[in-house]
Amino acid sequence: MTARFEIQLACAKLMTMDIASSSDPRVSVWLLDPTSGDDEDMIFVGQTEVIKDDENPHFEAQITVEYSVDADEDVIFRVDDINDGDSDEDGTFLGQASIKAHELARAAPTETTIECKLVNKKWGGKRGTLFVTPREVVVPVGGIEISVRCEKLEKKDLLGKSDPYLLFHAGATAQSSVFLRSNILKNTLNPDFGVLNWGYAAAELPLYVECWDWNKIQKHELIGACTVSAKQLLETCIDGKELSLPLINPKKQGKSKKYVDFGKIIFSNAVETGKLPQFILDCVARKECTFTVTKEDYALQRVWRCRDCELEDNEGCCEVCKDACHAGHDVFFDTTGRFFCDCPKRGKCKICEYH
């Protein structure tokens with residue numbers, strides 16, 4: 001089970017690495033399952049813009065973090081000094097900090113800023129401060145469910161094939177925030193990722209999709225990427241039709257005239273989900289528990305879970321009860337699906353009674 005929040009970042013008193021001016025900082029954000037014990041297993045989430053000559057930067061980028069509710073993941077923040085001509089992998093390390101994903105999720109409803117020290121062991125420990133402000137993600141107005149597979153991927157492993165996984169970015173470039181990542185499929189050039197689903201705020205917005213090769217020891221390697229939109233998928237992948245797109249590695253595209261692609265990504269069986277019924281929207285607008293209109297009949301609506309009240313797995317609460325009955329609790333958005341609010345049945349609803 002996954003949940004999301006959005007973060008905005010700022011720093012103070014960063015190390016000065018440039019001779020004639022302050023550093024040019026950028027923050028990259030990663031997720032790490034602490035049970036792995038291996039930094040090479042970190043998954044890239046997103047990064048801020050570079051701010052020139054500023055040891056106290058306030059970044060404009062808003063990064064969406066999707067984390068596993070059950071894995072107790074760490075969110076890793078790495079600050080680098082980026083000079084002109086540096087690639088995405090280059091830069092001078094300034095410091096790093098780590099915060100538990102569930103701590104940020106708890107602070108998101110009130111947008112409480114979390115302060116932590118940046119550590120750089122090479123330069124004697126604590127070197128500057130990072131400020132992280134989490135916010136709740138705006139719930140999508142629509143959604144898509146689609147089958148995804150790849151064919152004829154580049155062979156990356158010396159003694160095997162490749163271990164591919166997909167990253168979906170909410171924007172037209174690799175610098176856009178990652179909102180969805182697939183499972184890693186080991187030793188295959190023709191992976192079938194099955195059915196993936198996500199919500200969107202606008203169907204026409206571009207999505208940048210990357211296919212990576214996972215490595216345990218070395219850095220993960222990009223196989224290729226493409227750009228698509230939910231609107232394009234919903235209009236094309238119907239009635240048995242598929243959409244096949246080439247996976248292009250931008251760094252290798254211009255190095256050889258013979259270069260075409262490193263495989264294909266194929267989308268099929270697209271289904272539009274998550275369009276809420278008007279009576280649910282009206283109920284939420286009136287700030288009434290949706291159980292008042294659904295009773296025990298299932299209706300398509302946004303499902304929220306509460307760990308404090310053990311509303312998980314097969315139980316959940318509606319969008320109104322999330323604020324009225326579970327204010328201050330450990331609440332997270334799960335999915336858009338068919339259910340009825342369980343607050344009234346438990347006899348704890350502050351808005352309506354169960355009859």
Where is the tightest heavy-atom contact between Ile7 and Val65, given as atom of each residue plus distance?
-> CD1-CG2, 4.0 Å

Please step through side chain to side chain contact (heavy atoms under 4.5 Å, CB included) for the pair Arg346 and Cys309, ending with a clear verdict.
-> CA-CA 10 Å; Arg346 286 186 166 213; Cys309 298; 4.3 Å; yes

Classify the ring geometry between Tyr165 and His220 as parallel (under 30°), tilted (30 to 60°) or perpendicular (over 60°).
-> perpendicular

Atom NZ of Lys100: over 12 foreign heavy atoms under 6.0 Å | yes

Given ring pair (Phe, Tyr, Trp, His ring centres under 6.0 Å), test Trp198 with Phe168 step by step and report yes or no.
-> CA-CA 10 Å; Trp198 65 86; Phe168 287 74; 5.0 Å; yes

Can you check whether His102 reaches Phe332 side chain to side chain, under 4.5 Å on heavy atoms?
-> no

Under a 4.0 Å N-O cut-off, is there an ion pair linking Arg149 with Glu242?
-> yes

Can you find a heavy atom in the side chain of Val75 that is under 4.5 Å from one in the side chain of Leu32?
-> no

Residue pairs, two or more places apart or on separate chains, that pass salt bridge (charged side-chain N to carboxylate O under 4.0 Å, His left out) and touch residues 165-190 | Glu73-Arg181

Measure across Ile351 and Val320 and return the closest heavy-atom pair with its distance rounded to 0.1 Å.
-> CD1-CG1, 3.4 Å

Sole candidate of Ile144, Ile238, Val148 that passes side chain to side chain contact (heavy atoms under 4.5 Å, CB included) when paired with Leu233 | Ile144

Taking every heavy atom of Pro25 against every heavy atom of Phe59, the minimum-distance pair comes out as O-CE2, 3.6 Å

Heavy atoms, side chains only, cut-off 4.5 Å: are Lys156 and Ile223 in contact?
-> yes

Do Asn190 side-chain atoms and Glu151 backbone N/O form a donor-acceptor pair below 3.5 Å?
-> no

Look only at the side chain of Asp157 and the backbone of Leu159, and say whether a donor-acceptor pair between them is shorter than 3.5 Å.
-> no

Heavy-atom closest contact (Cys283 atom, Val293 atom, distance) | SG-CG2, 4.2 Å

Quick one: are the ring centres of Phe5 and Tyr67 less than 6.0 Å apart?
-> yes

Exceeds 12 heavy-atom contacts within 6.0 angstrom, atom NZ of Lys152 = no

Lys/Arg-Asp/Glu bridge criterion (N-O < 4.0 Å) met for Arg135, Glu111 = yes

Around atom CG of Asp308, are there more than 12 heavy atoms of other residues, nucleotides or ligands at under 6.0 Å?
-> yes

With a 4.0 Å cut-off, would you call Arg78 and Asp80 a salt bridge?
-> yes

For Leu167 against Phe44, the heavy-atom pair lying closest together | CD1-O, 4.3 Å

Not counting sequence neighbours, which residues clear salt bridge (charged side-chain N to carboxylate O under 4.0 Å, His left out) with Arg307? List them please.
-> Asp330

Kindly work out whether a path of hydrophobic side-chain contacts (I/L/V/M/F/W/Y, heavy atoms less than 4.5 Å apart) joins Leu245 to Leu166.
-> yes

Does atom NZ of Lys231 have more than 12 heavy-atom neighbours, drawn from other residues, nucleotides or ligands, at distances under 6.0 Å?
-> no

What pair of heavy atoms forms the shortest contact from Pro246 to Cys226, and how long is it?
-> O-CB, 3.6 Å

Main-chain N/O of Ser162 paired with Asp213 side-chain donor or acceptor, under 3.5 Å | no

Is Lys241 atom NZ crowded by more than 12 heavy atoms from other residues, nucleotides or ligands, each under 6.0 Å away?
-> no

Any side-chain heavy atom of Leu94 sitting closer than 4.5 Å to one from Met15?
-> yes

N-O pairing of Lys252 and Glu154 below 4.0 Å | yes

Kindly indicate whether the side chain of Met42, heavy atoms from C-beta on, has any atom under 4.5 Å from the side chain of Leu31.
-> no

Quick one: do Leu311 and Val331 end up in the same hydrophobic cluster if we chain Ile, Leu, Val, Met, Phe, Trp and Tyr together by side-chain heavy atoms under 4.5 Å apart?
-> no

Apply side chain to side chain contact (heavy atoms under 4.5 Å, CB included) to Gln96 and Asn120, showing your working.
-> CA-CA 7 Å; Gln96 182 170 302; Asn120 187 328; over 6 Å; no

